[in-house]
Amino acid sequence: MEKAEQRQERHPLGACIVTKSVLNKTAKLKWIFREYNGIGTGWVVLGDTDTQEYINQAENFSMVDFTVLAEIEPLVMRIFYMPAGSDLEFCCDETGKYFVDTRTGKKIREVVKHPVQAAFEKNLRFLNKENYDVLFFQNLFRETKNIKTVQMGQGDFPTGSVVLADPFAYLGNTKYQTVLEKSIPKGSYAVELSIMHSDLVGLRIAAAKLKISDQQSVRYEIAMPKGSTIADFNKPGVFSFFGVDTGLACFCDESLAEKYAEFSNTWHKEHGNKNIYHDYFSRLFEDSCKNTPDLQTVSGGFLLWNLPQSSEKIPMFSSGMGDGIYSAYWGFDKDNEIVELIIPFMKPEYF
């Protein structure tokens, strides 16, 4: 009864093929491999006493949900996310239970993470370093089979003081938005997005660029917050990044951040407990998607928003894999003039 209840509570994981000897517990799990067989998860399980004659007979196999196998041997959950082509032996000795990759002889004792989780963590370790080579930044905006670029329009910078922030968590909050130390000439500048089509994580914005001039960048350096220089990188209390808590980011002029705060405060006063994203901005993002449906998700990936008070524009866009901390990097030309500002959200090769 207890096992039946546990089975009902556990979410289905997909079908696997298991010999009846393992299911009936007349044999112990011994071999498990994952095929491109088009059946459920692709996992196939054999027992330690299963002979060639036994497995040659189709009636000696059953198709069950992977959770049923996990009830027989919970350790199979460790290897559930291993890719098709995996071929493993289940072992048990004085050191405990584990799997062995029959192709490499490697012992598998730790949980194999979901590919998305593994890629996310690898990406997280890659981000926010002091610098990267020029080729990394160039490749972010080089169109390939999986990378497309889109010009989303021009953002306005009437003072040239640049703010990086999550527009729905921190923009306009002088304590939590990030105002950059370096500024740009007053004006309006094009925003370019690098859109990645990934089989693993779907449609994502890999990077955002604020284009200051048409000159070529020859070097990059991390964009430090106001009051700090490169020499302060990694010093205690100096945060060379900005936080994202709603999955969105923006480039914004400091004066427009103040206007945005005024708009937001007024909107909340007029609409009580309503959510400014769900009850105002979501429709605008969805409308944006209609213009470029092949480059945005149905809920919208980017929006060039007009401030109602002045019609000045603030570019907003999805932040790669979502919430986290991200850094921006200034690009400089051969004369050491600022050319662009880039926020890398993802290293495409990881996804």
Side-chain angles (χ1 to χ4, degrees), residues 113-132 136-137 139-141 146-147 152 162-180 191-210 220-226 228 232-252 257 260 275-278 281-282 285 296-297 299-303 314-330 341-351:
K113 295 176 181 177
H114 188 288
V116 173
Q117 179 66 23
F120 175 80
E121 292 179 3
K122 190 175 182 181
N123 192 63
L124 202 63
R125 292 191 294 270
F126 176 80
L127 295 175
N128 303 307
K129 295 180 182 177
E130 184 174 0
N131 210 343
Y132 304 92
F136 165 68
F137 292 103
N139 285 341
L140 281 173
F141 293 90
N146 298 320
I147 296 287
M152 65 171 291
V162 181
V163 171
L164 305 176
D166 179 323
F168 304 118
Y170 304 121
L171 186 61
N173 185 322
T174 56
K175 183 177 179 180
Y176 294 110
Q177 68 182 9
T178 298
V179 181
L180 300 184
V191 175
E192 182 178 358
L193 302 176
S194 170
I195 311 290
M196 180 177 68
H197 293 260
S198 165
D199 292 337
L200 183 62
V201 295
L203 200 62
R204 302 280 174 167
I205 295 179
K209 177 195 294 185
L210 184 66
Y220 291 86
E221 69 176 42
I222 196 165
M224 298 297 291
K226 203 163 191 175
S228 300
D232 300 315
F233 181 76
N234 269 347
K235 284 185 178 180
V238 177
F239 302 106
S240 54
F241 49 77
F242 67 99
V244 170
D245 283 331
T246 69
L248 290 154
C250 71
F251 293 121
C252 187
Y260 173 83
N275 182 288
I276 196 169
Y277 176 78
H278 293 295
F281 278 100
S282 63
F285 271 93
Q296 300 191 59
T297 60
S299 59
F302 51 86
L303 170 68
I314 300 175
M316 304 176 180
F317 35 84
S318 298
S319 54
M321 290 296 289
D323 297 351
I325 55 173
Y326 300 97
S327 297
Y329 297 80
W330 293 111
L341 180 65
I342 295 178
I343 307 172
F345 295 120
M346 306 171 71
K347 187 174 185 182
E349 295 90 327
Y350 292 166
F351 298 91

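This is a predicted model, so every value here is computed, not measured.
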Task: Check: Tyr220 ring centroid to Tyr329 ring centroid under 6.0 Å - done: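 Between Tyr329 and Tyr220, which both carry aromatic rings, the centre distance is not below 6.0 Å.
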Task: Sub-6.0 Å ring centroid separation between Tyr170 and Phe242 - done: no
Open item on the list: Taking ring pair (Phe, Tyr, Trp, His ring centres under 6.0 Å) as the definition, give me every residue that meets it alongside Phe317, ordered by chain and number, with sequence neighbours left out.
Closed with: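 Per chain and number, Phe317 pairs via ring pair (Phe, Tyr, Trp, His ring centres under 6.0 Å) with Phe251.
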- [ ] With sequence neighbours excluded, tell me which residues meet ring pair (Phe, Tyr, Trp, His ring centres under 6.0 Å) with Phe351.
- [x] none
If you round to the nearest 0.5 Å, how far is [atom2] of [Y] from [atom1] of [X]?
{"X": "Leu210", "Y": "Cys250", "atom1": "CG", "atom2": "SG", "answer": "11.0 Å"}
{"X": "Phe241", "Y": "Met224", "atom1": "CZ", "atom2": "CE", "answer": "10.0 Å"}
{"X": "Ile342", "Y": "Glu192", "atom1": "CD1", "atom2": "CD", "answer": "8.5 Å"}
{"X": "Arg125", "Y": "Phe120", "atom1": "CZ", "atom2": "CZ", "answer": "11.0 Å"}
{"X": "Asp245", "Y": "Ile325", "atom1": "CG", "atom2": "CD1", "answer": "11.0 Å"}
{"X": "Leu193", "Y": "Leu140", "atom1": "CG", "atom2": "CG", "answer": "12.0 Å"}

Side-chain ([X]) to main-chain ([Y]) donor-acceptor, under 3.5 angstrom:
{"X": "Ser240", "Y": "Phe233", "result": "no"}
{"X": "Asn128", "Y": "Ser327", "result": "yes"}
{"X": "Ser318", "Y": "Gly301", "result": "yes"}
{"X": "Gln177", "Y": "Gly172", "result": "yes"}
{"X": "Thr246", "Y": "Ala169", "result": "no"}
{"X": "Glu130", "Y": "Ile222", "result": "no"}

Could you check whether any side-chain heavy atom of [X] comes within less than 4.5 Å of a side-chain heavy atom of [Y], counting everything from C-beta outward?
{"X": "Phe285", "Y": "Thr297", "result": "no"}
{"X": "Leu303", "Y": "Leu248", "result": "no"}
{"X": "Asn146", "Y": "Ser198", "result": "no"}

Please name the pair of heavy atoms, one in [X] and one in [Y], separated by the smallest distance, quoted to 0.1 Å.
{"X": "Tyr277", "Y": "Phe168", "answer": "CD1-CE1, 3.6 Å"}
{"X": "Tyr326", "Y": "Met321", "answer": "OH-N, 4.3 Å"}
{"X": "Ala257", "Y": "Cys252", "answer": "N-SG, 3.6 Å"}

Going by atom type alone, with no hydrogens or angles, which donor-acceptor pairs under 3.5 Å involve a side-chain atom of residues 343-350 and a protein atom two or more places apart or on another chain?
none

Task: Worked check of side-chain contact (heavy atoms from CB on, under 4.5 Å) between Trp330 and Leu180 - done: CA-CA 10 Å; Trp330 293 111; Leu180 300 184; 3.6 Å; yes
Task: Residues which pass side chain to side chain contact (heavy atoms under 4.5 Å, CB included) with Lys175, listed by chain and number, not counting sequence neighbours - done: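 Listed in chain order: Asn173.
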TODO: For Asp323, enumerate each residue passing the side chain to side chain contact (heavy atoms under 4.5 Å, CB included) test, keeping only those at least two apart in sequence or located in another chain.
DONE: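 Expected list: Val244.
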List, one per line, each side-chain donor-acceptor pair under 3.5 Å for residues 201-209, sequence neighbours excluded.
{"residue": "Arg204", "atom": "NE", "partner": "Val201", "partner atom": "O", "Å": "3.0"}
{"residue": "Arg204", "atom": "NH1", "partner": "Gly320", "partner atom": "O", "Å": "3.3"}

